[in-house]
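Working notes, structure below.
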Amino acid sequence: MTSSRLPNGGQIERAKSFGFTFDGRAYSGHPGDTLASALLANGVTLFGRSFKYHRPRGLLAAGSDEPNALVTIISGDVREPNVRATELEIFDGLAVQSQNRFPSLEHDLMAVNQLAGSLLSAGFYYKTFMGPAIGPLKSTRFWMFCERFIRRAAGLGKAGIAADPDRYERMNAFCDVLVVGSGPAGLIAAEAAAATGARVIIAEERPVAGGSLLASGEIIDGRNPAVWAREKAEALATLPNVRFLTRTSVWGYYDGNVLTAVQRVSDHKPNRTKGQPRQRHWVIRAGKTILATGAFERPIVFPGNDCPGVMLADAVRRFAVEYGVAAGKNVAFFTNNDSAYDAARTLSLAGIAVTTIVDVRPDISGACRDIANILGAELLLGSAVTGTHAGKSLSAITVQHFNMTTGRISGAPREIKTDCLGVSGGWSPVIHLASQAGGKPEWDEDLQAFLAPEPNQNWVVTGSAAGYMDTISVLSDAATKGSAKSRLVLPSVEAPMLDSSPAPVFEIEPAGKSQKAFVDFQHDVTASDIRLAYREGFHSVEHLKRYTTLGMATDQGKTSNVPGLAIMADIRGISIPDAGTTRFRAPFTPVSMGAIAGERYGDLRPHRLTPMHDWHISNGAKTYEAGLWHRPMIYGSHGETIEQAYTREARAVREGVGIVDVSTLGKIDIQGPDAAEFLDRVYTNMFSTLPVGKARYGLMLREDGIVFDDGTTWRLGETQFLMTTTTANAGPVMQHLEYYLDCVWPELRVHLTSVTDVWAGAAISGPKSRSVLETCVAGTKVDNTALPFMGIVHGRIADIPVMICRLSFSGELAYEVYSGAGHGTRIWEALIAAGKQFDIVPYGLEALGTLRIEKGHVTGAEIDGRTTAHDLHLGWMLSKKKTYIGSAMINRPGLKDEHRLSLVGLISLDNQSINGGSHIVSDKTPREPADSFGHVTAACYSPALGKYIALALVKHGTSMIGKRAFATDLLRDKHGAVEIVSHHMFDKDGSRMHG
């Protein structure tokens with residue numbers, strides 16, 4: 001193995017070395033190296049094996065567009081697969097493995113797949129395993145047999161199963177201008193925007209600013225372009241209104257100018273400082289977005305174009321200029337445009353021999369001829385590369401005459417020795433984010449590439465992303481788009497006069513049999529696969545994409561989409577824009593799940609905590625999940641069972657006073673001139689007649705007449721209401737209301753705002769609850785006159801504004817106290833302090849459920865999507881004076897059938913608990929199956945009645961009251977006698993809560 005490190009040059013720190021391993025073998029590199037550049041410097045050209053055929057693959061690109069060099073990072077038992085070697089910064093102790101090979105990269109047994117090329121062509125999943133009948137393996141049985149072997153062979157990297165030990169953070173940022181990219185366009189646009197006083201965020205995916213300038217052979221203001229870029233970036237970073245984020249990839253663009261980004265905070269460090277995250281996920285809300293995302297060079301499709309040593313021309317240049325690494329000792333170029341000549345010129349300045357330039361064009365500019373002559377390179381015009389000679393590295397190329405007009409190859413093939421071929425098929429502006437933002441990309445005939453669509457949000461595209469391919473035009477465009485008032489003095493640029501507009505040549509199609517010509521390197525999609533898709537009827541670009549998997553790998557087809565579309569367009573005899581293009585989706589580059597999850601690592605879904613959560617935990621609460629919320633179940637004392645705890649808490653409420661956290665109730669602010677009319681249509685009962693300062697219990701139905709939700713709504717002003725919903729239904733109710741406003745009644749002048757998280761709520765219940773309030777509330781009276789049942793008052797507790805409504809879910813004298821969420825704990829503690837003299841007890845959901853079961857109040861267990869208002873004895877809430885959602889359907893015969901299940905209470909006759917979900921049967925002895933005529937919806941031990949009780953839905957409902965039955969749960973081996981009673985099992989006349 002020989003080193004390919006150049007004796008000088010590159011932006012690496014040569015005085016310091018790092019040790020790292022690749023497939024267990026030790027190598028060294030320098031700070032500033034990527035894994036790709038460090039391995040290339042050590043003479044490594046084989047980086048991986050291809051997806052289907054397991055062909056040897058080397059580097060193609062030098063950045064986020066690299067499709068081949070994917071590796072797995074190993075850290076103890078933790079594995080991170082599919083990391084691009086071109087983006088992975090090396091550090092001391094880094095350990096990586098190659099992928100998709102067995103038993104080793106050099107000797108891969110799966111390379112035998114190359115002998116089965118026709119079997120693995122486009123659509124082989126769909127065709128190969130669906131129909132053959134081989135003995136007992138008929139039809140899809142053959143697929144089932146083969147599937148396990150295919151799944152083991154499929155994929156690239158192997159994911160680990162060890163827990164991720166790293167920390168991640170989430171950040172929200174707001175700015176006037178977000179600049180994506182810090183190449184020449186990004187730096188000038190940011191400078192122009194910052195000069196107006198705007199708050200600017202610059203996001204750069206690489207470790208340093210500069211973009212294309214880092215590998216350029218131009219001279220800017222008399223200086224090396226990389227030096228100019230570094231100085232410009234440092235000056236911007238010192239401005240108070242500029243935030244510069246390096247190692248930050250903006251991966252998603254959403255409505256409202258919201259963009260998402262991932263910052264690699266410490267991926268490049270062997271040891272992270274205490275508390276430092278590995279990555280930070282940003283959600284950036286920008287007033288204006290400037291997309292200075294540059295352009296990707298694309299390859300030309302030709303036979304044998306995937307062997308190690310065939311690279312993009314700009315990648316060869318970047319490795320030489322940025323990292324001081326020669327991709328080959330004798331480099332040849334194959335091109336259809338002028339940019340390869342500039343790459344060849346820059347390579348020669350770095351001391352690398354350029355022997356041959358193959359150009360499909362029969363004629364080129366004088367500037368290109370001059371470069372070839374100065375380099376001493378053989379210039380082959382009107383020619384094309386038609387094959388390669390390679391094992392695990394390139395040794396020679398085959399060149400033949402090429403007619404650009406007809407696309408035909410002719411003449412005798414000529415073999416040219418070379419160990420590196422730089423290919424340039426033109427440039428594709430990076431329009432991924434612009435495409436995500438909306439709109440259809442537009443074809444540019446000169447560039448032979450797609451440009452960004454017309455903006456539908458406040459964004460602009462600048463620089464080479466907008467189609468400007470020379471530095472002078474890039475700088476001028478960026479200054480204008482950075483600020484219309486820009487007065488920047490642009491730097492001088494010394495560069496050869498070259499034209500990057502390519503000849504419309506995307507593929508070299510030889511006559512007769514030849515080597516495979518790859519379009520999508522990561523998914524092993526060949527030009528013949530595209531032709532096969534056409535023959536089999538998959539002409540649409542969407543069908544082509546899915547049938548061949550073109551552009552569906554982790555690189556999103558950054559190098560393959562345009563050549564693939566061009567080949568299909570040529571087969572169909574239409575233009576590329578007529579063939580169309582697929583839209584880009586987020587993410588632009590792969591994003592780790594840890595970064596998206598942020599601090600909530602380990603959770604499958606977000607956890608919602610009330611403002612008083614920490615108080616509950618520190619005071620002995622045992623919590624469980626109620627929807628997405630974590631709520632106290634009980635406040636258990638030492639040695640108490642759950643039943644003993646909730647019985648004690650419920651008894652305290654009935655006899656004295658208790659307090660419960662109700663912050664989780666859904667809360668929707670409803671405002672507008674037509675708010676009252678809107679509520680009349682939504683609820684079954686009237687709300688337009690509700691006085692200001694009063695609340696009313698309301699019932700919502702679905703369109704089919706089934707109960708949807710219940711809750712109280714408070715009238716805070718003539719045109720303002722506060723609706724409360726059940727905890728679990730907060731989201732669905734909001735969707736329900738928005739649907740009707742947007743689609744059914746768009747003429748109503750009403751605005752909805754979810755304020756669930758804005759208000760913290762505490763309910764105090766029990767005979768002594770008013771005394772507690774009188775002890776701590778200032779600014780208002782809370783007696784029966786000032787605060788009658790369903791009344792609302794405003795006052796202060798602990799000098800904090802609160803809103804108090806007298807309503808009850810427990811069946812006792814009760815009040816709900818609301819404050820700003822940030823004051824929730826302070827108000828809670830003030831109420832606890834005021835209630836100490838009355839022996840106040842905090843209670844959890846189990847006690848709350850017990851109180852409501854005793855009282856016969858319904859919740860989601862009874863409002864289960866099948867019950868009507870009559871089933872739940874809420875028919876009195878159905879107005880006959882108006883129409884409302886569901887009113888047209890409530891009298892359907894099926895909803896008034898006498899055999900429907902309706903709500904009743906149950907009392908255990910054998911002093912045994914009743915299981916929720918038990919069936920109600922008439923059989924004295926348990927049997928399966930039994931004739932069930934109902935089921936238990938909720939059950940508990942009632943301290944008020946001294947018995948086990950339950951709510952149930954049974955046939956014939958109230959006509960069954962007084963009869964006996966059995967609650968059976970065969971799964972849990974429970975069968976007990978019960979008496980059917982009214983669902984109002986305690987304080988039927990409501991005197992306690994109205995007292």
Side-chain angles (χ1 to χ4, degrees), residues 643 699 701-702 704-710 726 728 846 849-850 852-876 878 886 889-942 945-986 988:
E643 182 178 296
L699 188 69
L701 305 183
R702 301 188 318 219
D704 58 2
I706 299 297
V707 175
F708 177 52
D709 194 60
D710 68 336
T726 55
E846 291 297 311
T850 298
R852 76 96 179 173
I853 293 170
E854 291 176 339
K855 186 64 181 172
H857 289 161
V858 297
T859 64
E862 292 76 39
I863 303 175
D864 62 0
R866 297 174 292 179
T867 51
T868 68
H870 293 292
D871 297 337
L872 303 178
H873 309 297
L874 297 174
W876 57 274
L878 303 178
M889 305 293 279
I890 56 175
N891 291 317
R892 286 181 296 163
L895 298 188
K896 303 190 79 174
D897 190 296
E898 62 176 7
H899 298 292
R900 287 186 61 83
L901 304 181
S902 60
L903 188 65
V904 297
L906 303 177
I907 295 178
S908 172
L909 296 178
D910 56 8
N911 203 31
Q912 296 295 313
S913 61
I914 303 171
N915 287 348
S918 297
H919 284 276
I920 310 302
V921 298
S922 56
D923 297 335
K924 184 175 183 179
T925 56
R927 67 181 179 86
E928 183 181 0
D931 294 325
S932 172
F933 59 88
H935 62 272
V936 174
T937 59
C940 67
Y941 177 79
S942 167
L945 302 178
K947 299 175 182 178
Y948 286 101
I949 64 172
L951 292 177
L953 291 167
V954 302
K955 289 182 181 179
H956 305 294
T958 53
S959 65
M960 298 291 291
I961 290 176
K963 296 182 179 179
R964 296 190 174 189
F966 296 88
T968 187
D969 182 351
L970 298 181
L971 186 64
R972 289 172 284 188
D973 195 25
K974 202 72 171 289
H975 187 82
V978 295
E979 181 182 358
I980 301 175
V981 298
S982 167
H983 63 292
H984 292 304
M985 289 174 274
F986 178 78
K988 186 173 182 178

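- Residues D871 and S902 bring no donor and acceptor atom of their side chains to less than 3.5 Å of each other.
- Looking only at side-chain heavy atoms (C-beta outward), V858 and L903 come within less than 4.5 Å of each other.
- Expressed to the nearest 0.5 Å, how far OH of Y941 lies from OG1 of T850 amounts to 11.0 Å.
- Atom CD1 of I914 sits about 10.0 Å away from atom CG of L951, to the nearest 0.5 Å.
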Practice item. Dump the intermediate steps for side-chain contact (heavy atoms from CB on, under 4.5 Å) on T867 and L953, then the final yes or no. Key: CA-CA 9 Å; T867 51; L953 291 167; 3.8 Å; yes
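- For the pair H975/D969, no side-chain contact is recorded, criterion being any heavy-atom separation below 4.5 Å from C-beta on.
- A side-chain donor-acceptor contact under 3.5 Å links D910 and S908.
- Heavy atoms only, all atoms of each residue included: F966 and D923 are closest at CD1-O, 3.2 Å.
- Atoms CD and NZ, on E898 and K955 in that order, are 11.0 Å from each other to the nearest 0.5 Å.
- In this structure, L970 and R927 approach most closely via the heavy-atom pair CD1-O, 3.3 Å.
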Exercise for review: Quick one: do V936 and I920 satisfy side-chain contact (heavy atoms from CB on, under 4.5 Å)? Show the steps, please.
Suggested key: CA-CA 7 Å; V936 174; I920 310 302; 3.8 Å; yes
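- Residues A869 and L699 share a closest heavy-atom pair of CB-CD2, 3.8 Å.
- Under a cut-off of 6.0 angstrom, the local environment of CZ in R866 is sparse, with at most 12 non-hydrogen atoms contributed by other residues, nucleotides or ligands.
- The line from OG of S942 to CD1 of I949 is 4.0 Å long, rounded to the nearest 0.5 Å.
- Once rounded to the nearest 0.5 Å, the distance linking CD1 of I980 with NZ of K963 reads 8.0 Å.
- When all heavy atoms of G916 and R972 are compared, the pair lying nearest together is O-NH2, 2.8 Å.
- To the nearest 0.5 angstrom, C940 atom SG is 6.0 Å from E854 atom CD.
- Using a 4.5 Å cut-off on side-chain heavy atoms (C-beta onward), T859 and R852 make contact.
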Point to revise | Evaluation steps, side-chain contact (heavy atoms from CB on, under 4.5 Å), between V904 and H983 | key: CA-CA 4 Å; V904 297; H983 63 292; 5.6 Å; no
Exercise for review: Would you check, one step at a time, whether the test salt bridge (Lys or Arg N to Asp or Glu O under 4.0 Å) holds for K947 with E979?
Suggested key: CA-CA 12 Å; K947 299 175 182 178; E979 181 182 358; over 6 Å; no
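- For CZ of R702, the number of neighbouring non-hydrogen atoms (other residues, nucleotides, ligands) closer than 6.0 Å is greater than 12.
- Side-chain contact check for Q912 versus Y948: every heavy-atom pair is 4.5 Å or farther apart.
- Classified by interplanar angle (parallel below 30°, tilted 30° to 60°, perpendicular above 60°), the ring pair H956/H899 is perpendicular.
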Review point. Are R900 and D897 close enough, and set up right, to give a salt bridge (Lys or Arg N to Asp or Glu O under 4.0 Å), and what steps lead you there?
Key: CA-CA 6 Å; R900 287 186 61 83; D897 190 296; over 6 Å; no
Review point. Between L895 and I706, does a side-chain contact (heavy atoms from CB on, under 4.5 Å) hold up when you go through it step by step?
Key: CA-CA 9 Å; L895 298 188; I706 299 297; 4.0 Å; yes
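- Between L906 and V981 the shortest heavy-atom distance is N-CG2, 4.0 Å.
- Of all the heavy atoms in V921 and D931, the pair that sits closest is CG1-O, 3.9 Å.
- Annotation: side chain of T868 is not in contact with side chain of K896 (no heavy-atom distance under 4.5 Å).
- Between the side chains of T968 and H919, no donor-acceptor pair of N or O atoms lies under 3.5 Å.
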